[in-house]
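These notes are about the structure you will find just below.
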Amino acid sequence: MSDFTIYNTLSREKEKFVPLHPPFAGIYVCGPTVYGDAHLGHARPAITFDLLFRYLRHLGYKVRYVRNITDVGHLENDADAGNDKIAKKALLEQIEPMEVVQRYTDNYHRNMDQLNVLMPSIEPRASGHIPEQIEMVATILEAGYAYISNGSVYFDVEKYHQSNPYGQLSGRVLEDLLATTRELEGQQEKRNPFDFALWKQAEPEHIMRWKSPWSEGFPGWHLECSAMSRKYLGDEFDIHGGGMDLLFPHHECEIAQSKIATGKDSVRYWMHNNLITINGQKMGKSLGNSIILDDMFSGNHPLLEQAYDPMTIRFFILQAHYRSTLDFSNEALQASEKGFARLMKALSILEKLPRSPQTTIDIDGWETRCHDALNDDLNTPVMISHLFDMVRQINLINDGKEQVTDTDIARLGLKLSAFIFDILGLRDNSIADSGSTVLPDVIRLLLDIRQEAKKNKDFTLSDRIRNELGNIGIKVKDGKDGAEWEMG
Ligand code: ZN
């Protein structure tokens with residue numbers, strides 16, 4: 001279909017993307033744990049894999065994109081006693097754990113929508129897949145690669161390592177792990193400190209608990225992804241993604257569990273996005289620099305000089321390659337804001353360019369270069385530099401120094417909007433508040449027609465107008481003085 005190459009974290013090489021069952025492509029990405037507001041750290045994997053999702057669809061694949069919601073809030077590590085993060089938050093706020101989950105899932109969805117991140121094809125929740133997880137534990141136990149200890153079940157890493165390489169993805173050597181893993185309190189249940197829990201018996205005060213053959217408890221941290229990717233994408237699937245912070249132990253454990261449960265290497269391509277730093281510092285709650293997305297968008301944070309539009313954030317993230325580190329600073333964000341405005345301005349003058357009998361710029365060559373960059377492991381910084389080359393060409397045409405035909409303007413407009421809006425997933429938020437009154441006038445007209453339809457009890461028409469507007473990102477709100485609208 002194309003020569004799309006992906007850097008595979010496992011082989012440490014760029015490989016041509018060949019899906020198992022073309023034209024289908026399956027992606028699994030580790031989603032958020034929902035016990036707090038979505039922050040900058042959530043934005044990067046979401047946008048990286050949204051780009052992958054969009055690009056594979058653009059290439060013609062039928063993509064099934066599964067991104068989970070971790071709503072069984074996992075413990076910091078197997079030795080943590082007491083409640084998980086979600087239950088802790090529930091106790092603190094005196095609400096049900098599932099209310100915590102709902103609140104922060106809604107918050108995550110709202111922020112992702114602002115960043116123009118598409119909803120995945122399937123968004124399974126860990127708490128909705130307890131039977132599948134219990135079944136997987138039972139299979140691994142039966143195969144002899146896990147043991148029961150005090151009502152909990154642990155994966156036997158040493159035994160697995162005798163016939164399968166453990167640590168290959170993250171480049172860790174088991175012998176070194178053995179030497180460096182601290183003996184943590186509560187780990188006496190394990191044969192080896194690097195064994196990991198498949199099932200944990202719940203302490204009496206633990207709220208989120210389920211019945212199992214071994215104890216009343218909850219699944220281990222890594223199990224949900226193995227169980228849910230298998231359920232929705234099969235024993236073997238194309239791409240598994242996530243942040244680099246999940247390489248070890250999470251993904252390493254997933255590989256081991258899935259291998260024993262299915263007898264197969266479940267993932268063809270492992271993709272990891274690099275992490276975000278703020279003013280050169282690692283981001284973290286304890287460092288006081290973990291900025292939530294709502295604050296980024298409002299500017300309400302001591303580290304921020306101003307509010308940043310979600311599209312500035314998205315554009316900024318895409319201006320770096322997903323495998324590079326990305327440092328958030330006001331200076332860098334303001335540069336992105338200007339760059340994005342320049343891109344949008346070029347688009348807005350495209351329509352008004354003077355038409356010539358011939359075209360003197362190379363549109364096809366430019367398009368190929370844009371595709372080549374994306375095909376090279378989603379090299380968005382290079383692709384965006386090509387977009388700016390075209391911005392310069394457009395300005396030259398506008399100044400009468402280059403020429404373009406009427407047909408080529410239309411062709412170029414389509415290609416630019418495919419790259420900028422469909423693939424990079426950017427959105428022109430300025431339409432609603434730009435000098436142009438055409439769009440607001442048209443929307444007003446549609447709302448008037450809708451008002452009339454409601455008066456005539458033609459709710460099919462009135463709902464259709466609201467829904468169709470919603471589909472193109474225009475939200476209609478009914479108030480007592482008639483309907484109002486805003487760009488989603
Ligand atoms: Zn995962």
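First listed ligand is number 1; within each ligand, the first listed atom is number 1. Predicted, not measured: the structure shown is a model, and the values here were computed from it.
Considering only residues two or more places apart in sequence or on other chains, Phe53 meets the ring pair (Phe, Tyr, Trp, His ring centres under 6.0 Å) condition with Tyr65.
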For residues 137-147, please give each side-chain donor-acceptor pair under 3.5 Å, one per line with the distance, not counting sequence neighbours.
| unit_1 | atom_1 | unit_2 | atom_2 | d |
| --- | --- | --- | --- | --- |
| Thr139 | OG1 | Glu135 | O | 2.8 |
| Tyr147 | OH | Arg191 | N | 2.7 |
| Tyr147 | OH | Asp195 | OD2 | 2.5 |

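Note on residues 310-319: pairs passing side chain to side chain donor-acceptor pair (under 3.5 Å), not counting sequence neighbours, are Asp50-Arg314, Gln319-Ser336.
Residues Tyr7 and His272 keep their aromatic ring centres 6.0 Å or farther apart.
Across every non-hydrogen atom of Tyr108 and Arg67, the tightest pair is CE2-NH2, 3.6 Å.
Two residues are said to be in side-chain contact when any heavy atoms from C-beta on lie closer than 4.5 Å; Ile420 and Met344 meet this criterion.
Listed by chain and number, the protein N, O or S atoms at a distance under 2.8 Å from the Zn ion (ligand 1) are Cys30 SG, Cys225 SG, His250 NE2.
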